[in-house]
Every structure is written in structure tokens, then in C-alpha cells.
Amino acid sequence: MILSARQRCHTALTGLAVLALCLGVAGPSRAAAPAAGTWTEVGSDRADPLTESQGLASVEVPAGSPNRYTGIGTVPLALSVRGWNHVGDPDASYDGHYVEPYQRDDGNTKMFRVQAPDGGWSEYVHTLSAGEARNNSWSAISPDGQWMLAGEWGTMNRLLVFPTPGVNPATSPSADLPQAATVHLDHAVRDVQGCDFLDATTLLCSSDDPEGTLFGITKPLLRIDLSAPPTGAADVTGHVTALRQLPLRSACSGSFEAEGVDYDRRTGTLRVIVVSPGFCVLTDSKTYRFTQG
């Protein structure tokens with residue numbers, strides 16, 4: 001969910017003249033061996049390249065709320081002109097607070113935009129810690145609602161823990177949102193585009209890893225088992241497992257992009273966005289649905 005991803009989408013949307021160069025049947029991809037708790041594909045829906053190309057979240061409160069999506073076309077103009085020009089994979093707490101992660105191309109801050117259950121919006125800005133990357137690819141709210149994980153782009157051995165903005169009473173739009181703790185991973189991860197909690201100590205994450213050297217496959221679905229539920233009191237560790245390769249199917253050949261992830265506990269459904277290469281970003285990008293077992 002970094003700037004280059006947005007540039008690739010923009011190139012695909014404006015470069016229609018190269019359709020003949022893009023079309024072709026994508027070659028078969030190498031899949032991971034089945035692992036315990038494998039997630040099986042059960043269906044898919046077209047992902048709109050403008051409004052559903054970055055992330056997604058299921059919202060439980062108010063009842064009957066539709067699923068939410070982010071994309072290059074969902075960034076409000078008022079935020080874009082202030083420099084917040086990229087939105088990542090959002091999440092929602094079980095009480096209905098919806099959080100979108102934003103980044104900018106300069107400066108030393110990232111921002112989380114929060115919509116409360118009553119519909120009101122607020123902004124929580126975090127000043128980067130020493131060595132922290134500017135990228136703000138995703139947010140994942142713990143089941144108790146009090147803590148939020150976020151991630152950086154590139155090859156990383158950690159996840160960042162924050163008090164959940166708008167939910168945790170220690171947060172305020174008028175104060176800097178501090179990093180409270182760190183999740184130390186036992187295996188490096190690369191280009192994580194989204195994570196969501198399966199339960200209090202388990203994360204499911206989508207990785208846009210184009211190299212495949214970390215787990216033997218590109219674009220893996222990852223499981224991270226935490227040593228304890230995250231809090232601001234202490235760091236925790238995370239055990240990383242690659243479960244499978246995400247689907248890479250398109251009428252165009254080229255580089256796919258794994259995007260955001262959502263787990264809906266009400267239905268047991270995992271959804272992951274995969275953006276198609278070239279011109280096919282417009283036609284057959286998909287939100288894939290999975291169930292466990």
C-alpha cells in the first residue's frame with residue numbers, strides 16, 4: 001500500500017493504449033503446501049480499481065452496516081490537499097469505531113482517521129518514532145477494542161502497537177498518538193498489506209511479497225500467533241506461518257498486488273483483495289472469499 005502501488009494503478013487506468021501488450025493468459029503459480037488451519041477459497045467478487053483497491057473492513061455496529069472499502073478514489077479531497085494522499089487497509093472495532101490509516105509523501109507523521117458509531121469523524125496523528133517507516137499500510141483492532149496494530153512496508157521483523165484512537169480513553173485528537181508497544185516477529189515478513197484479528201492472539205495477514213524468498217512462495221497469506229494479547233504494558237512476540245499463496249488469476253500476465261484483508265467473525269469469512277496486472281486492473285481484480293478447513 002505504498003506510493004508505488006498507487007502509481008501502478010494510475011498507470012493501468014491511463015495506459016489503455018497498451019491493452020494489446022497486457023493481454024495474455026497468466027502462467028500457473030506455485031502454491032504453498034497445505035498447512036493446519038488452511039483457508040479454502042469459496043468465491044470472489046470484482047474489486048473496483050478506484051474504490052476497492054486498497055483495503056476492506058466489515059462493520060458490526062450499527063446493525064446492518066455495509067462492508068467498507070478503501071481505494072485511491074475514496075481519499076477525501078480535503079485530506080489529499082493537506083498531503084494525506086494514500087489510504088491503507090482499514091478496520092473496525094466490535095463497537096463500531098471504523099479506522100482508516102493514512103500516509104503522506106513527506107514529513108514525519110502518519111494519521112488514523114476514525115469514524116464513530118454516530119457518524120462523526122476525527123483525526124489522530126502519530127509522530128514517527130526513531131527508525132519508523134513513514135508508510136501506514138494497515139490497521140487491525142484487537143477484539144477488546146483497546147489496542148490497534150499497524151504495519152510498515154518493506155522487510156520487517158515487527159508490528160507496531162497503539163492505543164486504539166477514539167476507543168482507548170488514553171487517546172485524543174488533540175494529542176499525539178503514541179506507539180505503546182511492539183510485536184517482535186520470529187520470522188521476517190515482507191510488504192504486509194493488511195492484517196485482521198482472528199481471535200485475541202491470532203492475526204491473519206496478506207503479504208504482497210514479490211520475491212518469495214522468505215517462505216518459498218510469493219503473495220502469501222500469513223498467520224501470526226501472538227504470545228499474549230497485545231497491550232501497551234509490554235512487548236509481545238509473534239510466530240509467523242505462511243498458510244498458502246493468494247489466488248493469482250487474470251486475463252493479463254504481469255505483477256499482481258495483494259492488498260487488504262478482513263475477517264468477519266459473524267460468518268467466519270476471510271476476504272482478501274488481489275489487484276490484477278496491467279489493463280486487467282479494470283476488469284478482473286477480485287476480492288476473494290475463504291473459509292477455514
Side-chain angles (χ1 to χ4, degrees), residues 1 26-47 52 55-58 67 69 89 91 137-143 149 151 155-157 159 183 185-230 236-250 255-277 284-293:
M1 295 189 177
S29 56
R30 184 160 55 101
T38 294
W39 289 84
T40 302
E41 181 185 341
V42 295
S44 64
D45 303 288
R46 178 179 176 270
E52 300 175 351
L56 69 170
S58 51
N67 293 326
Y69 294 86
D89 183 41
D91 198 14
S137 297
W138 53 272
S139 61
I141 300 173
S142 61
L149 272 56
T155 302
M156 292 288 167
N157 290 285
L159 307 176
V183 176
L185 304 177
D186 68 352
H187 192 293
V189 296
R190 183 178 293 123
D191 300 347
V192 172
Q193 294 276 50
C195 289
D196 209 351
F197 278 89
L198 178 65
D199 55 45
T201 58
T202 309
L203 291 164
L204 296 171
C205 303
S206 55
S207 165
D208 190 46
D209 182 3
E211 300 178 22
T213 55
L214 295 178
F215 299 99
I217 52 172
T218 62
K219 320 293 181 180
L221 174 67
L222 304 176
R223 173 178 172 136
I224 302 177
D225 293 289
L226 306 179
S227 58
V236 298
T237 59
H239 173 63
V240 184
T241 305
L243 298 179
R244 58 164 293 162
Q245 185 181 59
L246 294 169
L248 305 176
R249 298 193 298 269
S250 175
S255 298
F256 292 81
E257 185 152 9
E259 293 287 357
V261 61
D262 173 71
Y263 175 69
D264 190 335
R265 64 173 179 161
R266 297 167 297 181
T267 63
T269 301
L270 174 70
R271 297 181 299 145
V272 185
I273 298 172
V274 179
V275 175
S276 295
D284 61 18
S285 296
K286 292 287 195 298
T287 297
Y288 290 96
R289 301 190 303 274
F290 305 85
T291 57
Q292 194 169 16

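All residue numbers refer to positions in the sequence shown, counting from 1.
- Using a distance-only test at 3.5 Å, with no hydrogens or angles considered, no donor-acceptor pair links the side chain of Asp208 to the main chain of Asp191.
- Separating the CZ atom in Phe197 from the CD1 atom in Ile224 is a distance of 9.5 Å, to the nearest 0.5 Å.
- Annotation for Met156 and Leu185: closest pair O-CD1, 4.4 Å, computed over non-hydrogen atoms.
- Judged by distance alone, the side chain of Gln193 and the main-chain N or O of Ala258 form a donor-acceptor pair under 3.5 Å.
- Between the side chain of Asp196 and the main chain of Leu203, no donor-acceptor pair closer than 3.5 Å is present.
- One finds the CD atom of Glu41 at 10.0 Å from the NZ atom of Lys286 (value rounded to the nearest 0.5 Å).
- Ionic pairing of Asp225 and Arg223 is present here: one or more N-O contacts between side-chain nitrogen and carboxylate oxygen are shorter than 4.0 angstrom.
- Residues Asp45 and Arg289 are paired through a salt bridge, judged by an N-O separation under 4.0 Å between the basic side chain and the carboxylate.
- Side chain of Ser207 to main chain of Arg190: a donor-acceptor pair is present (N/O by atom type, distance under 3.5 Å, no hydrogens or angles).
- In this structure, the side chains of Ser255 and Pro210 stay at 4.5 Å or more apart for every pair of heavy atoms.
- Val192 is not listed as a side-chain neighbour of Ser137, based on a closest heavy-atom distance of 4.5 Å or more.
- Between Leu204 and Leu270 there is a side-chain heavy-atom pair separated by less than 4.5 Å.
- A donor-acceptor pair under 3.5 Å links the side-chain atoms of Arg244 to the main chain of Trp39, judged by distance alone.
- Taking CD from Glu259 and CG from Leu246, the interatomic distance works out to 11.0 Å, rounded to the nearest 0.5 Å.
- Results of the side-chain hydrogen bond (donor to acceptor under 3.5 Å, both in side chains) test with Ser227 over Thr201, Thr237, Asp186 single out Thr237 as the only residue that passes.
- Ring-plane geometry between His187 and Phe215 is classed as parallel, the angle between the planes falling under 30 degrees on a 0 to 90 degree scale with a further cut at 60.
- The shortest side-chain heavy-atom distance between Thr218 and Gln245 falls under the 4.5 Å cut-off.
- Between the side chains of Asp284 and Ser276, at least one donor N or O lies within less than 3.5 Å of an accepting N or O.
- Distance OG/Ser142 to CG/Leu149: 8.0 Å, rounded to 0.5 Å.
- No side-chain donor-acceptor contact under 3.5 Å links Asn67 and Ser58.
- Panel note: side chain Gln292, backbone Thr38; no donor-acceptor pair is recorded below 3.5 Å.
- In this structure a side-chain-to-backbone donor-acceptor pair under 3.5 Å is missing from Ser285 to Ala47.
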